[in-house]
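Shown below is the structure under consideration.
Hydrogens, waters and symmetry mates play no part in the numbers below; they use all other heavy atoms, side chains included. Whatever order the structure lists ligands and atoms in, that order sets their numbers, starting from 1.
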Amino acid sequence: MISFAFTDEQEAFKTTLRDFAQNELAPGYPDRAAKADFPFDVQKQLGELGVLGIGLPEEFGGTGDEDPILLGLAAETLAYGDVNVASAPALLGLVGSQLAKGSREVQEKYLPGLIAGEITAAIALTEPGSGSDASALRAVARPVSGGYRLSGEKTAISLACSAAVTLVYAREPGSARSRGVTGFAVPMDAEGVTVHHMPGMGCLPLGWGSIHFDDVFVPESAVIGDPGKGFQAVMNHFDFSRAALGVMCLGAAQASLDEAARYATVRETFGKKISEHQGVSFQLAEQATYLEAARWLCYRALWLRETGQPHTALASMSKWWPPMVAKDAIEAAMRIHGNLGYATEFPLQQRYRDVMAYLVADGTAEIQKQIIAKELLARTAG
Ligand SMILES: Cc1cc2nc3c(=O)[nH]c(=O)nc-3n(C[C@H](O)[C@H](O)[C@H](O)COP(=O)(O)OP(=O)(O)OC[C@H]3O[C@@H](n4cnc5c(N)ncnc54)[C@H](O)[C@@H]3O)c2cc1C
C-alpha cells in the first residue's frame, strides 16, 4: 500500500510556514509586490525559519542532503501568503546546490550569507539569442593566466538587481551546443559587470534584468563543477526546481480559491448567496479538482527525485501544467469576485500577474512537452 502522507517533521514545518505565510506574509504582499525592491527583511526571516538552507551543506547552516519534498512544501506553503517571497527556496535550491559544488572559497564566501538570507544569488543561462534553445548560448569564457575572461549578455535574469553573485554559463571558445559550457560564480561587483533592470508585468521584487559581462576576469576558483560539463549540470538541477516552481504556483492559486469560496458564501444575487448558484459552486469544485491533481503530480516528481528514480518527464509535466492550472484557478477566483476581482485593492490580480511568469520562466510549456514526448516516444519505441 502506498502512502500520500507527509512525515511528522514535514507536517510540523508546514504548520510553522503556514502561520508565517498567513500572518506575516499575506498582509504585506500587495505592497511588496508593487515595488522593485528586494525584501531583504523578509528574506532574513526565511533564513531564521530554516527555509533557505534546505538541501544545502550543514556546515554553513543548511539541512544537508538534497530534500526536494521539503523544498516543494516550503515553496507551496509560503506562496499562500506571497508568491514572490516563496520563490526564494526554489531559486536558492537551484543556485545554492550548484555553488555548493564550487571551490571552498566560493562556498565560504556565499553559502552562509545565502542561507541566512543576507544576500541573494542569480542564475544566468538565457541570452537575447537563446532561451528555449539554451545550448545555443554565446557567452564566452576565454582561458587566461590564473582564470578566465567572460564576455557576453544574459537576459531575463531573476534577482539580477539584488544578487551578490551570479552563476553564469559560458562556453570555451570554439565549442558548440551543450559541449564546452562551464558554470562560473561571478561576483556582481566585479569590474566589467553591468545590470539593466527590465520591469515585468509581475514579480517586481525579484528585480528581473539583463547582465552584461565585458571581459570580466574570474579566477580558477570561480569554476562550478566540472569544466565543460555545466550544461548537463544545470539541466539536472532544473529537474527539481521545475516541480518546486509548479507547486509554488498552486499555493498562490489555493489562496485565491479559498478567498473565492469565502466570498461566494457572503455575496448575494437574485436573493441567494452566489455559492448557491451551481454556476459558481461548480467552478469552485472544478478548480479544486485541478489543483488537487496538479499538486500530487508535483509531489510525485519531487518524490521520484528524492528516492533517486528517473523524474525528468514528470518534472516537465509539473512545470507546464500546474502553472497553467494555477493561472486558470486564479482567473476563476477573480471572476467569482465580479468587479472586485479586477480591483487592485484585492490581491487576486497581483497573483495572476506574478504566476504568469512561470508559464515562461524555467522553460515554456512547449519545451516541457518536447521533453515529455521525447521520453514517451523513446519508451514506446524501445
Ligand atoms: C519571469 C521570468 C524569470 C526568468 N528568470 C530567468 C533566470 O533567472 N535565469 C535565466 O537564465 N533565465 C530566466 N528566464 C528566461 C526564461 O528561461 C526564458 O524566457 C524561456 O526559457 C524562454 O526563452 P525565450 O524567452 O528566449 O523564448 P523563445 O525561446 O524565443 O521562445 C519563444 C516562443 O517560441 C516557442 N518555442 C521555441 N522553440 C520551440 C520549439 N522547438 N517548439 C515549439 N515552440 C517553441 C516558445 O515556447 C515560446 O512560446 C526568465 C523568464 C521569465 C519570464
Side-chain angles (χ1 to χ4, degrees), residues 33 36 38 79 83-84 86-99 114 120-139 150 152-171 177 181 183-186 188 195-213 224 230-231 233-235 237-239 241-242 244-246 248-249 252 315-316 319-321 323-324 326-327 350-374 377:
F38 185 80
V83 66
N84 295 321
S87 67
L91 279 172
L92 193 50
L94 176 63
V95 185
S97 54
Q98 291 177 85
L99 294 181
L114 286 168
T120 65
I123 177 165
L125 181 65
T126 305
E127 299 183 1
S130 59
S132 303
D133 188 8
S135 66
L137 68 90
R138 295 172 65 174
L150 266 59
E153 182 185 348
K154 298 290 179 180
T155 195
I157 308 303
S158 302
L159 304 177
C161 299
S162 66
V165 59
T166 296
L167 178 54
V168 181
Y169 292 88
R171 61 170 62 259
R177 303 301 300 174
V181 175
F184 298 90
V186 182
M188 294 296 274
V195 176
H196 298 277
H197 185 210
M198 297 165 39
M201 66 183 269
C203 296
L204 280 184
L206 300 190
W208 204 47
S210 59
I211 313 176
H212 292 252
F213 301 91
I224 301 298
F231 193 77
V234 70
M235 289 301 141
H237 282 271
F238 278 144
D239 279 354
S241 65
R242 284 178 173 159
L245 289 176
M248 178 190 84
C249 293
S316 285
K319 177 60 188 50
W320 86 259
W321 193 55
M324 199 92 83
K327 173 189 78 74
Q350 183 64 56
R351 283 198 206 106
Y352 188 82
R353 286 186 279 128
D354 292 338
V355 162
M356 280 290 286
Y358 300 97
L359 267 55
V360 176
D362 249 32
T364 64
E366 290 71 35
I367 297 310
Q368 308 310 327
K369 288 177 196 172
Q370 265 187 7
I371 295 168
I372 299 160
K374 190 174 158 197
L377 295 170

*What residue and atom, counting heavy atoms only, is the protein's closest point to atom 16 (C) of ligand 1, and at what distance?*
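Atom 16 (C) of ligand 1 sits closest to the protein heavy atom Thr126 OG1, 3.8 Å.
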*Measure the CD-CG distance between Gln368 and Asp362 for me, rounded to the nearest 0.5 Å.*
7.5 Å
_Winner among Ala134, Ser132, Gly202 once heavy atoms are compared against atom 22 (C) of ligand 1_ =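 Going through Ala134, Ser132, Gly202 one by one, Ser132 has the nearest heavy atom to atom 22 (C) of ligand 1.
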*Check each atom of ligand 1 against the heavy atoms of Ile157 and keep those under 4.0 Å away; list them by number with element.*
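That gives atoms 7 (C), 8 (O), 9 (N), 10 (C), 11 (O) of ligand 1.
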*Do Glu366 and Ser132 come close enough that some side-chain heavy atom pair is under 4.5 Å?*
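Contact flag for Glu366/Ser132 side chains = no.
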*asked:* Nearest 0.5 Å, please: how far is OG in Ser130 from CZ in Arg138?
replied: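 Rounded to the nearest 0.5 Å, the CZ-OG separation comes out at 9.0 Å.
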_Taking atom 21 (O) of ligand 1 as the reference point, the nearest protein heavy atom with its distance_ =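 Looking at atom 21 (O) of ligand 1, the protein heavy atom closest to it is Gly131 C, 3.7 Å.
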*Identify the protein heavy atom lying closest to atom 53 (C) of ligand 1, giving its residue, its atom name and the separation to 0.1 Å.*
Trp208 CZ2, 3.6 Å
_With a 3.5 Å distance limit and no angle check, can you tell me whether Arg171 reaches the backbone of Arg177 through a side-chain donor-acceptor pair?_
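Such a contact is found between Arg171 side chain and Arg177 backbone.
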*Numbering the atoms of ligand 1 from 1, which are under 4.0 Å from a heavy atom of Ile123?*
7 (C), 8 (O), 9 (N), 10 (C), 11 (O)
*Would you indicate whether the side-chain heavy atoms of Ile371 and Arg242 approach each other to under 4.5 Å?*
yes
*Does Gln370 have a heavy atom less than 4.0 Å from any atom of ligand 1?*
yes
*For ligand 1, which part of Leu125 has a heavy atom less than 4.0 Å away: the side chain, the backbone, both, or neither?*
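For Leu125, the contact with ligand 1 is made by both the backbone and the side chain.
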*Polar-atom distance check: Ser130 versus ligand 1, any N or O pair below 3.5 Å?*
no
*What do we get for Tyr358 next to ligand 1 when only non-hydrogen atoms under 4.0 Å count, side chain, backbone, both or neither?*
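Answer for Tyr358: neither.
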*asked:* Quick check: closest heavy atoms across His197 and Ala36, and the distance to 0.1 Å?
replied: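 Closest approach of His197 to Ala36, heavy atoms only: CE1-CB, 3.6 Å.
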_Polar contacts were defined as any N/O atom of the residue lying under 3.5 Å from an N/O atom of the ligand; does this apply to Asp133 and ligand 1?_
no
_Atom NZ of residue position Lys369 - does it have more than 12 heavy atoms of other residues, nucleotides or ligands inside 6.0 Å?_
yes
_Test item: Ser135 and Val181 side chains (from C-beta on) under 4.5 Å apart, heavy atoms_ =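 Answer no - side chains too far apart.
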*Under 4.0 angstrom from atom 47 (O) of ligand 1, is there any protein heavy atom?*
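So atom 47 (O) of ligand 1 has protein heavy-atom neighbours under 4.0 Å.
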_Can you report which non-hydrogen protein atom sits closest to atom 39 (C) of ligand 1, along with the distance?_
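Of every protein heavy atom, Ile367 CD1, 4.0 Å lies nearest to atom 39 (C) of ligand 1.
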_Interatomic spacing from CG in Leu150 to CD1 in Ile211 - rounded to 0.5 Å_ =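 Answer rounded to 0.5 Å: 11.5 Å.
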_Atoms of ligand 1, numbered as shown, that sit under 4.0 Å from any heavy atom of Asp362_ = 17 (O)
*Does an N or O anywhere in Glu366 fall below 3.5 Å from an N or O of ligand 1?*
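Yes, Glu366 has an N/O under 3.5 Å of an N/O on ligand 1.
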*Protein non-hydrogen atom found under 4.0 Å from atom 30 (O) of ligand 1*: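 Answer no: nothing from the protein, no heavy atom, is under 4.0 Å.
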*Could any protein non-hydrogen atom be found less than 4.0 Å from atom 33 (C) of ligand 1?*
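For atom 33 (C) of ligand 1 the answer is no, since every protein heavy atom stays at 4.0 Å or beyond.
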*Going through the checks in order, is the side chain to side chain contact (heavy atoms under 4.5 Å, CB included) test met by Val234 and Ile123?*
CA-CA 10 Å; Val234 70; Ile123 177 165; 3.8 Å; yes
*Note the single closest protein heavy atom to atom 8 (O) of ligand 1, along with its residue, its atom name and the distance in Å.*
Ser158 N, 3.0 Å
*asked:* Suppose we measure from atom 19 (O) of ligand 1 to each protein heavy atom; which comes out shortest, and what is that distance?
replied: Val360 CG1, 3.4 Å
*Measure the shortest side-chain to side-chain distance between Leu99 and Leu114 over non-hydrogen atoms and say whether it is less than 4.5 angstrom.*
yes
Would you list the atom pairs, donor with acceptor, under 3.5 Å between side chains in residues 153-165 and any protein atom, with sequence neighbours excluded?
| from | atom 1 | to | atom 2 | distance (Å) |
| --- | --- | --- | --- | --- |
| Lys154 | NZ | Leu125 | O | 3.2 |
| Lys154 | NZ | Glu127 | OE2 | 2.8 |
| Lys154 | NZ | Tyr169 | O | 2.7 |
| Ser162 | OG | Thr120 | OG1 | 3.0 |

*What do you reckon, does Ala156 have a nitrogen or oxygen under 3.5 Å from a nitrogen or oxygen of ligand 1?*
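Such a contact does occur with ligand 1.
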*Would you call Lys319 and Asp239 a salt bridge, using N to O less than 4.0 angstrom?*
no
*State whether any protein heavy atom lies less than 4.0 Å from atom 25 (O) of ligand 1.*
no
*Any idea which of Ala361, Gly363, Ala160, Ala357 brings a heavy atom closest to atom 51 (C) of ligand 1?*
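Nearest heavy atom to atom 51 (C) of ligand 1 lies in Ala361.
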